[in-house]
Each structure stands twice: as structure tokens, then as C-alpha cells.
A.B. asks: 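Please read through the structure below; I'll follow up with questions.
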Amino acid sequence: MRLKRTLVLLTFNEIEALPKIFDRIPLSCADEAFAVDGGSTDGTVEFLRSKGMRVLGQPRRGRGCAFQVALDAAAGEVLCFYSPDGNEDPDDVPRLFEKLEEGGYDLVVASRMCRGAHNEEDEKKIRLRKWVNLAFTFLANALWNRGPYLTDTINGLRAVRADSFRRCACRVDGFVIEYLMTMRMMKLGLRLGEIATHEHPRLGGSSTAHSWPTGVEFTRHLVAEALMGRRVE
Ligand SMILES: Nc1nc2c(ncn2[C@@H]2O[C@H](COP(=O)(O)OP(=O)(O)OP(=O)(O)O)[C@@H](O)[C@H]2O)c(=O)[nH]1
Ligand SMILES: [Mg+2]
């Protein structure tokens, strides 16, 4: 069943990477597309507007806050989140929408961990970020997933049904938003699927997801969710 689709671009100071990838983003596969910007000061917003994009601001910094702004503003029944810094393959956007619609899923994640996928760290010997992500993913699956194992609970490139996302009542501002959304969807017994993706290096600029504070935040939320049992609020 074809659902009404909203494509959301998430940006914070991405003027180095964004112009290199923008023309490859398949905006026309969605019924509406807009950007949510975390307060860029480097010309990112001006670039997006010059391309005819609607750009929404956020009351506070952080990806979690951006997801909430997008959910409130979206006219679509399904949202796909795309971060235009070069990590994510734009060709996955229509694949995510299609898999969600055809499979009747509530959430479809572009996995960097399943067979046929590629992780940014796969060329390295020590894959610290990947291994930590795999551990968080294992714990979420072991605690709550009653469906098929989801190999990447954290990646931001994903399509989600708006009504299912609302049921999760995620009220966080930071980078933990995707992990929290996935944990709560598992708790609610919703249908989760994945496609294999190829994660590329950034095309410029720098990450604001610093490993230590992000890891501590993930642990704090995992423990809080475990203490809440099957409740989501
Ligand atoms: N709307 C919005 N987007 C944000 C915010 N913070 C980061 N982003 C975007 O979210 C995406 C992911 O952030 P990154 O800092 O690249 O984190 P990462 O992908 O884990 O790190 P790298 O692998 O080094 O790229 C990028 O497109 C950022 O521009 C924010 O506060 N608001
Ligand atoms: Mg990135």
C-alpha cells in the first residue's frame, strides 16, 4: 500500500558535505521533503533554501529534538530520516519507503551490520564504535525483541510510520533518539525490518557525536528502559 511519504533532512553545520551530495538525494520519491536544522552558522540553511528546500528550526540543539520537530510538522504517514554528511547512501531512501510499505513494517532501518552491509569501520582492525554498537544492539534484542533479530538498532537512516513513532513517546534531545525509538518499538511488539546499507566516510566537516558522552547517554537510557519493564512512559 502506498503511504503518504515525508523525507526529512537533518543538518547541523554541514556546508562542506551537503553541496557534494545534495543533488543525489531522491527528493521526488517523497510527497513532501523538508530539512530540520540544529542552528547552523556556516551557510547550510542558506544553501538548502537556495535549492528550494523548506527549512525548520529547532527550539533546542540535538537530533532527538530534530526528530520531534519533524514528527510534529510532517504531513506524511511515513517519515524517512536522511543525514546529508556523506555517511548515508541516498539511494537507500526509496528502498526504505518501499520496504516499509510492502512489508507492512512500523520501522525499517538501513543496517550497517547485516549480511551484505558495510560499516565505516570495516577496514579498520580495531572497530571500537562498531563493537559498542553491536553490544547495545544485542542487549536491546535480548531484552525486548519478539520478532526477527534486528542487526542495527542505532543507525539514523530509517523509515518509520508516524503513528507508531508517536506511540513511543520519545522525549530526548540528543543522539540516543534512534536507539530509544528502536527499544520502545520492540517493547510495543511493533514490526521491525531492515535493509543492508553501505556506510561511507564523511564528505567533509566534523562529527558532533562524541563517543564517550554518547556511550554514557546510551547506557543511561538502556538501564532506564530496563527498569521500566515493558512500559514506554
Ligand atoms: N537537525 C539536526 N541535525 C543534527 C544535529 N546534530 C547533528 N545533526 C546531523 O546529524 C547527522 C549525524 O551527525 P554526525 O555528527 O555526523 O554523527 P555521526 O554520523 O555519528 O558521526 P560521523 O560518522 O563522524 O559522521 C549529520 O547530518 C548532522 O549534521 C542537530 O542538533 N540537529
Ligand atoms: Mg555522520
Side-chain angles (χ1 to χ4, degrees), residues 6-22 24-25 33-49 51 53-74 79-90 92-93 109-113 117-124 126-134 136-137 152-158 165 170-182 197-218:
T6 297
L7 173 58
V8 183
L9 308 187
L10 299 162
T11 55
F12 178 64
N13 286 340
E14 293 295 357
I15 199 60
E16 284 187 36
L18 179 61
K20 296 180 187 148
I21 198 140
F22 186 83
R24 290 187 50 214
I25 305 171
F34 58 78
V36 182
D37 184 83
S40 296
T41 52
D42 65 349
T44 294
V45 173
E46 292 76 4
F47 175 84
L48 288 165
R49 293 209 167 116
K51 292 285 185 181
M53 289 291 295
R54 180 155 69 105
V55 184
L56 307 181
Q58 309 176 199
R60 296 172 304 281
R61 266 276 340 263
R63 271 176 76 87
C65 184
F67 271 60
Q68 191 57 54
V69 168
L71 186 61
D72 291 343
L79 281 71
C80 181
F81 293 95
Y82 180 78
S83 300
D85 66 358
N87 291 149
E88 300 177 356
D89 184 345
D92 286 338
V93 171
V109 181
S111 173
R112 304 157 295 175
M113 316 289 188
H118 183 269
N119 189 284
E120 210 182 352
E121 288 188 329
D122 279 343
E123 277 79 37
K124 293 186 184 170
I126 308 288
R127 302 169 194 168
L128 202 58
R129 225 164 111 161
K130 178 174 182 178
W131 293 334
V132 171
N133 279 2
L134 285 171
F136 279 117
T137 285
D152 190 344
T153 54
I154 292 163
N155 202 16
L157 180 54
R158 52 180 58 206
F165 187 16
C170 295
R171 293 188 192 90
V172 290
D173 285 345
F175 278 103
V176 76
I177 180 64
E178 291 94 341
Y179 188 45
L180 183 63
M181 179 203 298
T182 311
T197 193
H198 188 112
E199 188 182 38
H200 298 271
R202 265 186 163 273
L203 286 168
S206 54
S207 174
T208 53
H210 305 296
S211 299
W212 275 108
T214 308
V216 169
E217 194 66 356
F218 272 52

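Computation of the quantities below employed the complete heavy-atom set of this structure, encompassing side-chain atoms and omitting hydrogens, waters and symmetry-equivalent molecules. Each ligand, and each atom within it, is numbered from 1 in the order the structure gives.
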A.B. asks: Relative to the heavy atoms of L10, which atoms of ligand 1 are at a distance of less than 4.0 Å?
C.D. replies: 3 (N), 9 (C), 27 (O), 29 (O)
A.B. asks: Using a strict 4.0 Å cut-off to heavy atoms of R202, name the atoms of ligand 1 that fall inside it.
C.D. replies: 14 (P), 15 (O), 16 (O), 22 (P), 24 (O), 25 (O)
A.B. asks: Tell me whether D122 is salt-bridged to R112, with the criterion being a basic N under 4.0 Å from an acidic carboxylate O.
C.D. replies: no
A.B. asks: Distance under 4.0 Å to a non-hydrogen atom of A209: what atoms of ligand 1 satisfy this?
C.D. replies: 15 (O), 17 (O), 20 (O)
A.B. asks: For F22 and F47, take the angle between the two ring planes, folded into 0 to 90°, and tell me which bin it lands in: parallel under 30, tilted 30 to 60, perpendicular over 60.
C.D. replies: perpendicular
A.B. asks: Side-chain polar contacts of residues 67-74 - donor-acceptor pairs under 3.5 angstrom, sequence neighbours left out - could you list them?
C.D. replies:
unit_1	atom_1	unit_2	atom_2	d
Q68	NE2	D72	OD1	3.2

A.B. asks: Show the atoms of ligand 1 that are less than 4.0 angstrom away from any heavy atom in S207.
C.D. replies: 14 (P), 15 (O), 17 (O), 18 (P), 21 (O), 22 (P), 24 (O)
A.B. asks: For atom 6 (N) of ligand 1, which protein heavy atom lies nearest, and how many Å away is it?
C.D. replies: R61 NH2, 3.1 Å
A.B. asks: Is the Mg ion (ligand 2) under 2.8 Å from any N, O or S atom of S207?
C.D. replies: no
A.B. asks: I need the atoms of ligand 1 closer than 4.0 Å to a non-hydrogen atom of E14, numbered in the order shown.
C.D. replies: 26 (C), 27 (O), 28 (C), 29 (O)
A.B. asks: Atom 8 (N) of ligand 1: which of Y82, F67, F12 has the nearest heavy atom?
C.D. replies: F12
A.B. asks: Which is it for T208 and ligand 1 at heavy atoms under 4.0 Å: side chain, backbone, both or neither?
C.D. replies: both
A.B. asks: Could E16 and R202 be called an ion pair, given the rule that one side-chain N must be under 4.0 Å from one carboxylate O?
C.D. replies: no
A.B. asks: Ignoring hydrogens, just give me the one of E199, H210, R129 whose non-hydrogen atom is nearest atom 23 (O) of ligand 1.
C.D. replies: R129
A.B. asks: Any N/O/S atom, backbone or side chain, of D85 lying under 2.8 Å from the Mg ion (ligand 2)?
C.D. replies: yes
A.B. asks: Atoms of ligand 1 less than 4.0 Å from A66 heavy atoms?
C.D. replies: 1 (N), 2 (C)
A.B. asks: Which of the numbered atoms in ligand 1 are under 4.0 angstrom from any heavy atom belonging to E120?
C.D. replies: 23 (O)
